[in-house]
Amino acid sequence: MAFRRPGIYKTPEELRRMVAPGLLTAASLEAVAEAIRPGITTGELDAIAERTIRAGGGEPNFMLVPGYRHTVCASVNADVVHGIPGDRVLAAGDIVSIDSGAQLDEWNGDSARTFVLADPSDPERFAERERLNHVTEQSLWHGIAALAAASHLNEVGEAIEEYIESQGEFGILEDYVGHGIGRSMHEEPPVFNYRVKGRGPTVKPGLVVAIEPMITAGGIETFTQGDDWTVTTTDSSDSAHWEHSVAVHADGIWVLTAPDGGASGLAPLGVKPVPIP
Ligand code: MG
Ligand code: MG
């Protein structure tokens, strides 16, 4: 008997079931966005995200990752991803990436946003971090726009790299990549944020991927802190991380973790998302 590889393409009904967990994931990040300010701890932000997800009938899916006990990852300044929320008090000027995910009725959402906290005392550093954040978010929208037109998945990474290169000196992390998403948060296939050999799987209805560029203001080497989770740039350069879960369906694409399906982010790139039928 041969091994049946799990398919990466969802049915139309399965795509419809991914809408609610996507929106709940978005709500958890919106709640964080409303609360984040200097003086709050990353642990408090974690609690806010958890309350939002549970109030919506969902479960924080990061808690389903073996060994992880929190709702969000909170990665500050040189920490890129997988920072553990806790007692750290956020300060003016910090650049803070919050990654969150909800599971609802057995399906998953995964999304991340980065915030730069206003800092009147150091406008130059603030402007640099805002620029890094803007470029990272825009690289995500370029990747999503590429998916809308792609014949193969690896065109997404090409578009992200091409955009980042056009914006100046930034690093694209290569040790961590995006992924398929569905009944599990992390599924096949990998979603690269940079050019690779090979075209990747065919882009066709049923493909659902989490696209998540992790961009630094310096080098791309990282190490994992002693907590076994927090990933930090070796050269201590600042980093930002944006992520959306995106569905390809018969009539177009839809950003599951954006309340407007990605319409506002994609409009400048000439792409109009279409609700899942
Ligand atoms: Mg994530
Ligand atoms: Mg992810």
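Heavy atoms only: backbone and side chains are in, while hydrogens, waters and symmetry mates are out. Counting starts at 1 for both ligands and their atoms, following the listed order. Keep in mind it's a predicted model, so treat the numbers as computed, not measured.
With the Mg ion (ligand 2) as the vertex, OE2 of Glu243 and OD2 of Asp110 span 80° to the nearest 10°.
Backbone or side-chain N, O or S atoms of His179 reach the Mg ion (ligand 2) at under 2.8 Å. The distance from the Mg ion (ligand 2) to the nearest N/O/S atom of Glu212 is under 2.8 Å.
The atom of Asp99 nearest to the Mg ion (ligand 1) is OD1, with the search restricted to N, O or S atoms.
Side chains of His179 and Glu212: a donor on one and an acceptor on the other come within 3.5 Å.
Side-chain contact check for Ile172 versus Ile215: some heavy-atom pair is nearer than 4.5 Å.
Hydrophobic cluster membership is shared by Val135 and Leu269, with clusters built from Ile, Leu, Val, Met, Phe, Trp and Tyr side chains linked at under 4.5 angstrom. At a threshold of 4.5 Å between side-chain heavy atoms, the hydrophobic network of Ile, Leu, Val, Met, Phe, Trp and Tyr places Leu153 and Ile8 in one connected group.
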